[in-house]
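Values below: all heavy atoms of this structure, side chains included; hydrogens, waters and symmetry mates excluded.
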Amino acid sequence: MDLRRIFWVILFTAAISLACCPSTAIAGDIRQDDENAPKKPGCANEFVLVKVQTWVNGSEYEEFVGVGARFGTTTFSKEKNASGTPLTLSDPRDCCSKPKNEGSGDVFMVDRGNCTFTAKTNYAEDAHASAVLIINNQKELYKMVCEPNETDLVIKIPAVLLPKDAGASLEEKLLNGLSVSVHLYSPGRPAVDVAEVFLWLIAVGTIICASYWSAWSAREAAIEQDKLLKDAVEDIPNEKLLGTGGVMEINTISAILFIVLASCFLAVLYKYINSKFVEVLVVLFCVGGVEGLQTCLVALLSRWFKRAGGSYIKVPVLGAVSHLTLAVSPFCIAAAVVWAIKRNDPFGWIGQDILGISLMITVLQIVHVPNLKVGTVLLCCAFLYDIFWVFISKKFYHESVMISVARGDKTGEDGIPMLLKIPRMFDPWGGYSIIGFGDILLPGLLIAFSLRYDWLANKTLRAGYFLWAMFAYGLGLLITYVALNLMDGHGQPALLYIVPFTLGTFLTLGKKRGELKILWTRGEPIRPCRHIQLQQSEEQNQEM
């Protein structure tokens, strides 16, 4: 069990440090950090994503996504039309002088470079273009801003930047003599997407399942311990010993160290992350996902296959392993391998969520907070951690570190794997709604503790702490999504809303019921058999 404990310590730390990312919607959100490009007269537009629908020889072709400029008009329609405006290559291609060809209301396509964005747009406007598509020299989108000395600009046509691959595709068609027309439009996002509802249900459901499993295991261990206490009090080991029943209890120091290590890992990821680094994270996630899925399946199937679950075989390195575990392991490994290979496919998110949910349930089953004090320290540190790396880090790194890492901005990949994600179903821009493991794991540790306490104290659901803590968590996560939509899709640190609700509810109820001291220090009620043991221990100490 020692190797297993070390594995879960490392895994739990990695889960917090790599995946305590903000709840957000990711779909190439260019409307981030507008303050990096100060507004001024004639150059004060919001950065908006623009769809460019194309037609080739009258037949509908591809649809590309660009970003509108700080300058020019932004009169983009909200709907895709059945016809478009002719697209023309500028001559010269960089449009750094007045084009030789007159636009006559056409949309000009020009290359980036050799002069300012505003100069290109002014020259295109002078040639009677109705709009200008500026092709970036990279695959990424870029914010088109004005130069510091440019003020009071008067540009009356829209300018949109397209990525390099989109420009290459359109250029090929035009150079081959084909007729290309385009339509620029910018549909709005829905206030609420079904993906956020499903994420809320998954997060709440994961904590409920893990809490009941944890409480059931704790109650079984308590019943077994009480039986032993009745027979031989003096032979019972200290019930707080680490590793009892395969459980690890974290303390105050380790709770603080978790968050410190999380910050270090996140800073390193932000600075050095690349596609190779993401592949390493994928491997680590697969290892954890296999262990989590295997543990959940074995626990579930052992109810029906008791003989296979109760018979063991000795395996080199691993030690005694049940026959049921051996039967389930190939399936779990195959599932993780298939996901790793197909993770970028349209339905790859399903495998990622299944592995992630299994991993989190298993972690919450193995890792426990022993009392409210440790839970409070852990959540308060995580609360500050989330706020710093989402909001305050902008002052030091010029962008939100956590959002950048979560989206995989520097990797060319679709974000890191340590998060749950669901495609936005009714969003015209597509993308995913995501939530980090840390936003489920960290509050889940405290909520699982509340249910263990309720069961050991024989409290009803209404008289206990679990129901109210679970309600507070759900409300905090709901408010996170409300804030996400009010902030126009800017990533929000979920723990900013979840921690005050969950922890505040627990502390308030404990104080009101007069149980705060027991919750804070001991973390479990004194059971009758345990009370007898304590009395006998005190008598023995007095006699000595």
side-chain hydrogen bond (donor to acceptor under 3.5 Å, both in side chains) between Thr505 and Thr508, intermediate numbers included: CA-CA 5 Å; Thr505 299; Thr508 302; over 6 Å; no

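- Here Tyr397 and Tyr270 bring their ring centres to under 6.0 angstrom of each other.
- The closest donor-acceptor contact from the side chain of Trp429 to the backbone of Pro187 lies under 3.5 Å.
- The closest donor-acceptor contact from the side chain of Asp454 to the backbone of Tyr465 lies under 3.5 Å.
- Comment: Arg522 engages Glu524 in a salt bridge, judged by a side-chain N to carboxylate O separation of less than 4.0 angstrom.
- The only option from Phe466, Tyr212, Trp216 that meets the ring pair (Phe, Tyr, Trp, His ring centres under 6.0 Å) definition with Trp455 turns out to be Tyr212.
- Nearest heavy-atom pair across Pro493 and Phe391 is CD-CZ, 3.5 Å.
- Other residues, nucleotides and ligands contribute over 12 non-hydrogen atoms within 6.0 Å of the CH2 atom of Trp520.
- No side-chain N or O of Thr362 forms a donor-acceptor pair with one of Glu291 less than 3.5 Å apart.
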Stepwise side chain to side chain contact (heavy atoms under 4.5 Å, CB included) check, Ile435 with Leu419: CA-CA 6 Å; Ile435 184 172; Leu419 48 82; over 6 Å; no

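- Side chains of Ser217 and Ser214: no donor on one and acceptor on the other come within 3.5 Å.
- For CZ of Phe388, the number of neighbouring non-hydrogen atoms (other residues, nucleotides, ligands) closer than 6.0 Å is greater than 12.
- Residues satisfying the side-chain hydrogen bond (donor to acceptor under 3.5 Å, both in side chains) test with Ser393, not counting sequence neighbours, are none.
- A donor-acceptor contact shorter than 3.5 Å is absent between the side chain of Asp427 and the backbone of Asp193.
- Side chains of Ser329 and Gln294: a donor-acceptor N/O pair is present below 3.5 angstrom, by distance only.
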